Novice: 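I am attaching a structure below and will ask some questions about it afterwards.
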Amino acid sequence: MSNHHIANLILATTNTKQLEDVSAQLKQNNYTVIECSGDVVDTIAQKNHPDLILIDVSCDDFDGFEVIKALKNIADIAHIPIVAISREKSNELYTKSLEHHVDDMFIYPFDVQEFLLHIQSLLRLSTMYMERDNRFKLARQHGINAQAETDFDVSAPHQILLIGPIDGDRAAIETILDGNCNVDICSNVFEAEEQLANGFYDACICHLDATNTETVLSLSTRIRNNPRLFNLPVLVLSNGEIEDRIDAYRRGITRIVKRPLNLSSLKAKLVMLVRRQRLRWNLRNAIETTRDPSNTDAITNAYTKDFFNENLLLQVKNAQLWKKHHTVIFFSIVNLPSVEEQFGETASQELLQQIHQWITNLSRVEDMVSRYGPHDFCISLPDTPLEEAQLVMHRIAGILSYTDFALGDVFQPISVWVETGIATLEKSDDMNSLLNRAHHRIQ
């Protein structure tokens, strides 16, 4: 078993027998689980800084929602995502979960594999918070006026795209959102991707039945492969036509809501997802404020090698402390010197700009991209196992290799030769050994 953990969780419950199997399966899947009662979860959270907190709101021994309220009022840990779990579903559960700004909710017993797929986006929020804090502190040390603020206007109208709805769907959405929404309708699933790409939506909701199941699943996959849309929540309203829920979630569906619709449940799920989506955008914007001419490359606007290394030093320290995964990837554009020799310095610089733009667009905002050498880029991927990082590496390298780049005064398409190197953090590593191993593997 790996020495690294995917994430560190706290499970606050006194219903230990009912959740014994859940806890065991989480640990088998390489998650650290600290079990405790509700009266000490605040102390344990402040000491261990988990990535996610699970609060059992159906315990007789403590009021789970009062515990959640207390956690949300402790500044140092208020950002940690909280999932409410309960033995029974009820309208009161949905209402209280929204009132207490719970990030998600589950009824147990539940399928642990499905649960793990659901919480991935919450775990990435924890990573984004950590990365924002690292870059913000470094930027301020360099005299950069970075902004850490991530609050958003909760009263802003919800922007929803409703795809292929049946009678009553639009009215249901407008009712649960108290009319505080703009609901656009797209009757054709095939046109939906273009409409999503050209608009700005908090979520899309698709009607799914036996006639369009594969089409809707294909759309969700395409959304996940779109650099601008890949975090967009995709809810499907279904009569139960999805036989393999795990496959549907892996293909990009965010939530499956069964008909007939429970409006309290639908409201809770939709509002939670919209809050999460808006928080992601604000975290992205906060991270972007750490860019400055003093810490970015003048040609590409990628982070400089020096600033990248300072940040990586913090990332490695955190990863070693909490036994988390961390991976770095090098992309070497080996024919860049020949492009400059044949077409000039301006052309080679424009090519570098476009390459950086592609790499950035195909990476997550928490994955720092640096121009590490004259024709090398390096990406640092926090909380990312080697297997996942390899998928990122091959995807970016493949797209770069098969793209015909158009440069201003060059009247022919330019192709690039990309070589890659990758390494993941090992127990004995420091920053330099991690980077050296990745760089030496460039091929």
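Because only heavy atoms are used, hydrogens play no part in the values below, and waters and symmetry mates are left out as well, while side chains stay in. All figures in this text were calculated on a predicted structure; none of them were measured in a lab. Start at 1 with the first residue, then count along the sequence.
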Novice: Give a yes or no on whether R222 atom CZ has more than 12 heavy-atom contacts from other residues, nucleotides or ligands under 6.0 Å away.
Specialist: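 Atom CZ in R222 is not crowded, with 12 or fewer foreign heavy atoms closer than 6.0 Å.
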Novice: Which heavy-atom pair separates L161 from A192 by the least distance, and what is that distance?
Specialist: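 Nearest pair, atom of L161 first, then A192: CD2-O, 4.1 Å.
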Novice: For D367 versus P382, what's the shortest heavy-atom pair and its separation?
Specialist: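 Closest approach of D367 to P382, heavy atoms only: OD1-CD, 3.5 Å.
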Novice: Any carboxylate oxygen within less than 4.0 angstrom of a Lys/Arg side-chain nitrogen, looking at E20 and K17?
Specialist: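 No, this pair does not count.
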Novice: Side chains of E131 and Q315: any donor to acceptor distance under 3.5 Å?
Specialist: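 Yes, because at least one side-chain N or O of Q315 sits under 3.5 Å from a partner of the opposite role on E131.
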Novice: With a 3.5 Å cut-off and no angle check, do the side chains of Q46 and D42 form a donor-acceptor pair?
Specialist: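 Short answer, no.
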Novice: How would you list, by chain and number, every residue that makes a side-chain contact (heavy atoms from CB on, under 4.5 Å) with H118, sequence neighbours excluded?
Specialist: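 By the side-chain contact (heavy atoms from CB on, under 4.5 Å) rule, H118 matches F106, E114, Y249, R255.
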Novice: Could you check whether the rings of F115 and F110 sit parallel, tilted or perpendicular, using 30° and 60° as the cut-offs?
Specialist: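 Correct class here is parallel.
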Novice: If you take all heavy atoms of M105 and A268, which pair is closest and at what distance?
Specialist: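 Here M105 and A268 meet closest at CE-CB, 3.2 Å.
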Novice: Under 3.5 Å, is there a donor-acceptor pair linking the side chains of T43 and K47?
Specialist: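 Result is no, nothing qualifies.
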Novice: With no hydrogens and no angle check, do the side chains of R364 and T384 hold a donor and an acceptor under 3.5 Å apart?
Specialist: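 T384 and R364 do have a side-chain donor-acceptor pair below 3.5 Å.
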Novice: Do any N or O atoms from the side chain of S58 and from the backbone of R87 form a donor-acceptor pair under 3.5 angstrom?
Specialist: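 Checking the backbone N and O of R87 against the side chain of S58, a donor-acceptor pair under 3.5 Å is found.
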Novice: Please report the closest heavy-atom contact between V274 and A203, naming both atoms and the distance.
Specialist: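 Shortest heavy-atom separation between V274 and A203 comes out as CG2-CB, 4.4 Å.
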Novice: Would you call D178 and K267 a salt bridge, taking side-chain N to carboxylate O under 4.0 Å as the test?
Specialist: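 K267 and D178: salt-bridged.
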Novice: Testing the 3.5 Å rule here: is there a donor-acceptor pair between the side chains of D184 and Y201?
Specialist: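 A donor-acceptor contact under 3.5 Å links the two side chains.
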Novice: Kindly indicate whether a cation-pi arrangement holds for R284 with W281, taking the cut-offs as under 6.0 Å to the six-membered ring centre and within 45° of the axis.
Specialist: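 Checked: cation-pi criterion met.
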Novice: Where is the tightest heavy-atom contact between L313 and M431, given as atom of each residue plus distance?
Specialist: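 Smallest heavy-atom distance, with atoms named: N-SD, 3.8 Å.
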Novice: For T211, does its backbone N or O pair with a side-chain atom of D209 as donor and acceptor, under 3.5 Å?
Specialist: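 Here the side-chain-to-backbone pair exists.
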Novice: Could you tell me whether the side chain of R228 and the main chain of A197 form a donor-acceptor pair under 3.5 Å?
Specialist: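 Yes, R228 side chain to A197 backbone: donor-acceptor pair under 3.5 Å.
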Novice: Is atom CE of M272 surrounded by more than 12 heavy atoms (other residues, nucleotides or ligands) closer than 6.0 Å?
Specialist: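 It does: M272 CE has more than 12 such atoms within range.
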Novice: Does K69 pair with E99 as a salt bridge, N-O distance under 4.0 Å?
Specialist: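 Result for this pair is no, no salt bridge flagged.
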Novice: So does E88 have more than 12 non-hydrogen atoms from other groups sitting under 6.0 Å from CD?
Specialist: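 No, because the 6.0 Å sphere around CD of E88 holds 12 heavy atoms or fewer from other groups.
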Novice: Check the angle between the aromatic planes of H4 and H325 and answer parallel, tilted or perpendicular using the 30° and 60° thresholds.
Specialist: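 It falls in the tilted class, 30° to 60°.
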Novice: Is D51 salt-bridged to K324, going by a charged N under 4.0 Å from an acidic O?
Specialist: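 Yes, charged N to carboxylate O under 4.0 Å.
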Novice: For F65, which residues count as a ring-ring contact (aromatic ring centres under 6.0 Å, His included) partner, sequence neighbours excluded?
Specialist: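 Per chain and number, F65 pairs via ring-ring contact (aromatic ring centres under 6.0 Å, His included) with H100.
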Novice: Within a reach of under 6.0 Å around NZ of K137, are more than 12 heavy atoms found that belong to other residues, nucleotides or ligands?
Specialist: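 Not more than 12 within 6.0 Å, no.
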Novice: So L26 and L116, side-chain contact (heavy atoms from CB on, under 4.5 Å) or not? Walk me through it.
Specialist: CA-CA 8 Å; L26 288 171; L116 292 178; 3.5 Å; yes
Novice: For the ring-ring contact (aromatic ring centres under 6.0 Å, His included) test, which of F377, F307, F308, F331 pairs with Y372?
Specialist: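 For Y372, the ring-ring contact (aromatic ring centres under 6.0 Å, His included) test succeeds with only one of F377, F307, F308, F331, which is F308.
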Novice: For a side chain to side chain donor-acceptor pair (under 3.5 Å) check, start with the C-alpha distance between N282 and T150, then their side-chain angles and the critical distance, and finish with the verdict.
Specialist: CA-CA 5 Å; N282 283 15; T150 57; over 6 Å; no
Novice: Please find the pair of heavy atoms, one from A146 and one from R140, that lie closest to each other, and give the distance.
Specialist: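 Looking at all heavy atoms of both residues, the shortest contact is O-NH2, 2.9 Å.
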Novice: Examine the side chains of N262 and Y94 and answer whether a donor and an acceptor come within less than 3.5 Å of each other.
Specialist: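 No pair is found: no donor N or O on one side chain lies under 3.5 Å from an acceptor on the other.
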Novice: Is it the case that the side chain of N180 and the backbone of S155 share a donor-acceptor pair, with hydrogens and angles ignored and the cut-off at 3.5 Å?
Specialist: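 Present.
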Novice: Classify the side-chain pair D202/Q159 by whether it contains a donor and acceptor separated by less than 3.5 Å.
Specialist: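 No pair is found: no donor N or O on one side chain lies under 3.5 Å from an acceptor on the other.
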Novice: Just wondering, more than 12 heavy atoms not from E194 lying within 6.0 Å of its CD?
Specialist: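 No, CD of E194 has 12 or fewer neighbouring heavy atoms, counting only those of other groups under 6.0 Å.
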Novice: Any salt bridge linking R275 with D104? Criterion: basic side-chain nitrogen under 4.0 Å from a carboxylate oxygen.
Specialist: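 Judged by the 4.0 Å cut-off on N to carboxylate O distance, R275 and D104 do not form a salt bridge.
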